[in-house]
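Values reported hereafter were calculated over all heavy atoms of this structure, with side chains retained and with hydrogens, waters and symmetry mates removed. Residue numbers count from 1 along this sequence. Here the structure is a predicted model, which is why all the values come from computation and not from measurement.
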Amino acid sequence: MEERDDSRRGLRILIAFDGSDLALEAVKYVANLMPAKYTEVVLFHIETRMTSSFWQVEHDMDFRFSGGNIRACIAAQHKRINAAMEKAQSILTEAGFDPDSISKKIQAKNLGIVNDIFRESHEGYHAVVLGRKGESKIKDMLLGSVPNKLLKKIQGIPMIIVGGAVRQNRILVSFDGSKEVMRAVRSMSALIGASDCKIAFYHVIQGKRSPAEEDNARKHIEPMINKAKECLVDAGLSFNQISFEMIDAPQDLSTRIVEKANHDGYDTIVIGRRGLSVYQDFVSRRVGEKIFQQAQHLTVWVLS
């Protein structure tokens with residue numbers, strides 16, 4: 001038991017935090033699912049600051065009235081973010097996280113929101129977590145440009161996009177047995193700490209098949225599923241927390257996955273980014289955007 005605990009030490013999670021309700025839901029998701037004893041959390045906020053040249057123009061042109069309004073807005077924004085970060089820290093500490101393992105990092109926007117998050121993600125993190133939607137100025141982060149651009153940039157660590165407040169710790173993994181999805185399972189196993197977590201592996205086959213064809217497909221995938229299960233058991237889950245099912249997809253693959261998650265009460269969908277033939281164009285509208293559009297209140301993990 002001690003060896004398993006030692007192997008899971010040092011998880012470091014980056015939460016892209018804008019103070020919105022769904023940013024707080026992202027914090028709750030981490031607090032509820034990840035092992036508090038082994039996890040460090042960084043609340044990362046990017047703020048837009050007025051340049052010194054702007055304030056010089058205000059001074060030279062005697063724009064004190066409008067400048068005062070701007071200063072009041074900036075002060076209110078700082079107050080809101082600080083209050084939201086305090087609330088986020090309380091959520092984590094109440095879930096058992098050591099206060100010393102929680103950091104608040106606020107920096108001025110430098111290269112843009114996407115590139116600033118991307119650059120920060122290189123600082124030894126094991127996952128990047130963000131809310132499905134941001135504040136009104138950022139608009140819909142899921143259907144907008146931020147997550148899709150991050151998906152194209154971030155490699156080697158999971159992106160977790162939190163879509164709502166439902167928290168049942170029921171996770172659906174779309175599984176095809178590829179090396180990439182096996183790496184995704186290993187990555188996921190290191191991040192999951194909830195003892196009551198339920199994980200279902202779903203192997204999707206497209207089109208109708210005869211019973212003999214389905215049996216052959218099952219015989220092909222089951223050894224890989226067993227390896228994936230063993231990985232999760234080694235990380236601390238029990239076999240009765242893990243299930244496997246083959247499902248067909250006579251219609252759109254994205255629709256089938258989301259319908260299955262909704263029907264069976266899963267609040268998280270896990271998919272691999274690369275190497276999966278059905279997801280090879282994940283960042284395109286054909287698959288990725290459809291999953292995001294249809295998974296209105298679900299959390300989506302993209303693993304590589």
Kindly determine whether Arg119 and Leu111 satisfy side-chain contact (heavy atoms from CB on, under 4.5 Å), including the steps that lead there. CA-CA 9 Å; Arg119 185 172 63 177; Leu111 303 175; 3.9 Å; yes
Where do Ile15 and Phe44 land on the side-chain contact (heavy atoms from CB on, under 4.5 Å) test, with the steps shown first? CA-CA 6 Å; Ile15 301 180; Phe44 183 59; over 6 Å; no
Can you tell me if [X] uses its side chain to pair, donor with acceptor, with the backbone of [Y] under 3.5 Å?
X      : Y      : value
Arg170 : Gly265 : yes
Thr39  : Ala36  : no
Asp215 : Pro211 : no
Gln107 : Ile46  : no
Asp116 : Lys109 : no
Glu94  : Ile91  : no
Glu213 : Ser210 : yes
His126 : Ile13  : no
Thr93  : Gln89  : yes
Ser187 : Ala184 : no

From [atom1] ([X]) to [atom2] ([Y]), nearest 0.5 Å:
X      : Y      : atom1 : atom2 : result
Met85  : Arg80  : CE    : CZ    : 10.5 Å
Asn262 : Leu298 : CG    : CG    : 5.0 Å
Ser174 : Ile271 : OG    : CD1   : 7.5 Å
Leu237 : Lys229 : CG    : NZ    : 12.5 Å
Asp267 : Lys198 : CG    : NZ    : 13.5 Å
Asn226 : Cys231 : CG    : SG    : 13.0 Å

[X] vs [Y] side-chain heavy atoms within contact, under 4.5 Å:
X      : Y      : result
Arg183 : Arg186 : yes
Met188 : Leu232 : yes
Val185 : Phe201 : yes
Ile154 : Phe118 : yes
Val162 : Leu130 : no
Ile225 : Phe175 : yes
Ile192 : Met34  : no
Met159 : Val129 : no

NZ/NE/NH1/NH2 to OD/OE distance under 4.0 Å, Lys28 and Glu25: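 So Lys28 pairs with Glu25 through a salt bridge.
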Taking Glu123 first and then Arg12, would you say they form a salt bridge - that is, a charged N and a carboxylate O separated by under 4.0 Å? no
Just by distance, with hydrogens left out, do Asp196 and Asn169 show a side-chain donor and acceptor under 3.5 Å apart?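 Yes, side-chain donor-acceptor contact under 3.5 Å.
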Pairing donors with acceptors under 3.5 angstrom, does anything connect the side chains of Asn115 and Lys153? yes
Look at the side-chain heavy atoms of Ile, Leu, Val, Met, Phe, Trp and Tyr, link any pair under 4.5 Å apart, and say whether Phe17 and Ile106 land in one connected group. yes
Closest approach of [X] and [Y], non-hydrogen atoms and distance?
X      : Y      : answer
Leu24  : Ala84  : CD2-O, 3.7 Å
Lys260 : Tyr266 : O-CD1, 4.5 Å
Tyr125 : Ile157 : O-CG2, 3.4 Å
Met224 : Met182 : O-SD, 3.9 Å
Ala16  : Ile117 : CB-CD1, 3.9 Å
Ala88  : Leu43  : CB-CD1, 3.8 Å

Can Ile221 and Phe244 be said to form a side-chain contact (heavy atoms from CB on, under 4.5 Å), step by step? CA-CA 10 Å; Ile221 201 68; Phe244 165 61; 3.5 Å; yes
Working for side-chain contact (heavy atoms from CB on, under 4.5 Å), residues Ile242 and Val233: CA-CA 9 Å; Ile242 310 165; Val233 169; 4.1 Å; yes
Of Leu172, Ile171, Thr268, which is the lone residue that meets side chain to side chain contact (heavy atoms under 4.5 Å, CB included) with Ile199?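 Exactly one pass, corresponding to Ile171.
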